[in-house]
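Worksheet for the structure shown next.
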Protein chains: 2
Amino acid sequence: MTQAEREPDDVLWLSAEQQRHWRAVILGTARLTEALSRQLERDAGLSLSEYEILVRLSEAADRTLRMSELAAAVVHSRSRLTHAVGRLEQRGLVARRPCPEDRRGVNCVMTDEGYAVLEAAAPGHVREVRAQLVDRLTDEEFRALGAAMAKVAPDAEPGA
Amino acid sequence: MTQAEREPDDVLWLSAEQQRHWRAVILGTARLTEALSRQLERDAGLSLSEYEILVRLSEAADRTLRMSELAAAVVHSRSRLTHAVGRLEQRGLVARRPCPEDRRGVNCVMTDEGYAVLEAAAPGHVREVRAQLVDRLTDEEFRALGAAMAKVAPDAEPGA
DNA sequence: GATCATTTGTTGAAGCATCAATTAAGTAGT
DNA sequence: ACTACTTAATTGATGCTTCAACAAATGATC
């Protein structure tokens, strides 16, 4: 604690107040993803990114998305998604089918088993999201958080 | 986009509005860490977690922290920190010394070279934090973001 | 319609994280 | 002092992510 007063910007930084906020963001997101990952892995055998892949597929028409759309939706590199989908495919939660319109493309389809796994995992995950985030904030605080982050990711809900 | 109307909670979920906010949080943090990681790796040859380790050390008395304190500060498992510090040590940015008070303990000390690397990396990193986050928000929005995340990580600034 | 550039998706190697198991030192109770 | 318990840190195997290189299809330009 001596160093907060001592030298907040011997390293070139933000204002002291901004720095406090920024630290809270880093720390909070780290804690949050840590808690969510643990819960999912423990109770459902899914990583957080696997869960998110399944969620996007569950919402897509025919539970199908092209690899590149899916990659963009979950903010993964194409390579990362290829590997992740490969693992999900081996577990039977997802299947790959060629894409009719574009012969380079690959459609990723969620299987019934994949949907069942997601359905089983969701309630516990939602409970954890509430416990770690939603229930710790007032409605107004949560709204403000969402609004701020929407400005950081300038396409949270644009759709097609 | 047909599915947003179709079934927002066939899988058990939050209110539609809460869900939008939550999605923004996920998407925003993913984009943000992605951008910050890329910038650091590209311009300074550091991962985001290496950078954070160096920052904490730079602020500590004698630029020294025990492994477990450092692990808690950056929200890493002890194992993860051991590996990460091992790599930083091989690059000469950090050194390990036995801890006098507790012979189980290990002190991690930042070297002058480590400090120099951090000093060189910091301005670009701060620029990126501003570009991706601070400059996209009003002061009030940023303050609200920090306040919300501080409630999620209930010890952002308690100190010793 | 032949060339060049771009986009899509995959691959394998290398690097990093996670997990369970281990060593060693401190703490508590008897 | 002896045993049992807890905490500190490390290790190595396994698994996930990243990166550069690639193949195949599409698009754009002349």
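Numbers restart at 1 for each chain; the letters A, B, ... are given by sequence-line order, proteins then strands.
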What is the distance from [atom1] of [X] to [atom2] of [N], rounded to the nearest Å?
| X | N | atom1 | atom2 | result |
| --- | --- | --- | --- | --- |
| Glu41(A) | dA17(C) | CD | P | 17 Å |
| Leu65(A) | dG9(C) | CG | P | 11 Å |
| Met67(A) | dA25(D) | CE | C1' | 17 Å |
| Arg97(B) | dA9(D) | CZ | P | 15 Å |
| Leu70(B) | dT7(D) | CG | P | 20 Å |
| Glu52(A) | dT17(D) | CD | C1' | 15 Å |
| Leu48(A) | dT18(C) | CG | C1' | 15 Å |
| Glu101(A) | dA25(D) | CD | P | 16 Å |

Determine whether [X] and [Y] make a side-chain contact, defined as any pair of heavy atoms from C-beta on separated by less than 4.5 Å.
| X | Y | value |
| --- | --- | --- |
| Val152(A) | Thr29(B) | no |
| Asp112(A) | Arg63(A) | yes |
| Gln132(B) | Arg127(B) | no |
| Leu145(B) | Met149(A) | yes |
| Leu70(A) | Arg56(A) | yes |
| Asn107(B) | Pro100(B) | yes |

Report which part of the nucleic acid Ser47(A) touches: base, sugar-phosphate, or nothing (heavy-atom distance under 4.0 Å, all strands). nothing
Heavy atoms from C-beta onward define the side chain here; which of dA8(D), dT26(D), dT10(D) lies closest to that of Val106(B)? dT10(D)
On DNA chain D, nearest-nucleotide positions of Arg104(A) versus Glu69(B): which is more 5'? Glu69(B)
Which is more 5' along DNA chain C, the nucleotide nearest Glu34(A) or the one nearest Cys99(A)? Just name the residue. Cys99(A)
Is Tyr115(A) linked to Val109(A) within one hydrophobic cluster, defined over Ile, Leu, Val, Met, Phe, Trp and Tyr using a side-chain heavy-atom separation of less than 4.5 Å? no
Gln18(B) (side chain) donor-acceptor with Ser15(B) (main chain) under 3.5 angstrom: yes
According to a strict under-4.0 Å criterion, is Arg103(B) in side-chain N/O contact with OP1 or OP2 of dG26(C)? yes
For dT10(D), does either OP1 or OP2 sit under 4.0 Å from a side-chain N or O belonging to Arg96(B)? yes
At how many degrees, to 10°, do the end axes of the helix from dG9(C)-dC22(D) to dT30(C)-dA1(D) meet when each uses five pairs? 30°
Under a 4.0 Å heavy-atom cutoff, the residues of residues 74-90 of chain B touching DNA chain D are Arg78(B), Ser79(B), Thr82(B), His83(B)
Electrostatic pair Arg66(B):Glu69(B) at N-O distance under 4.0 angstrom: no
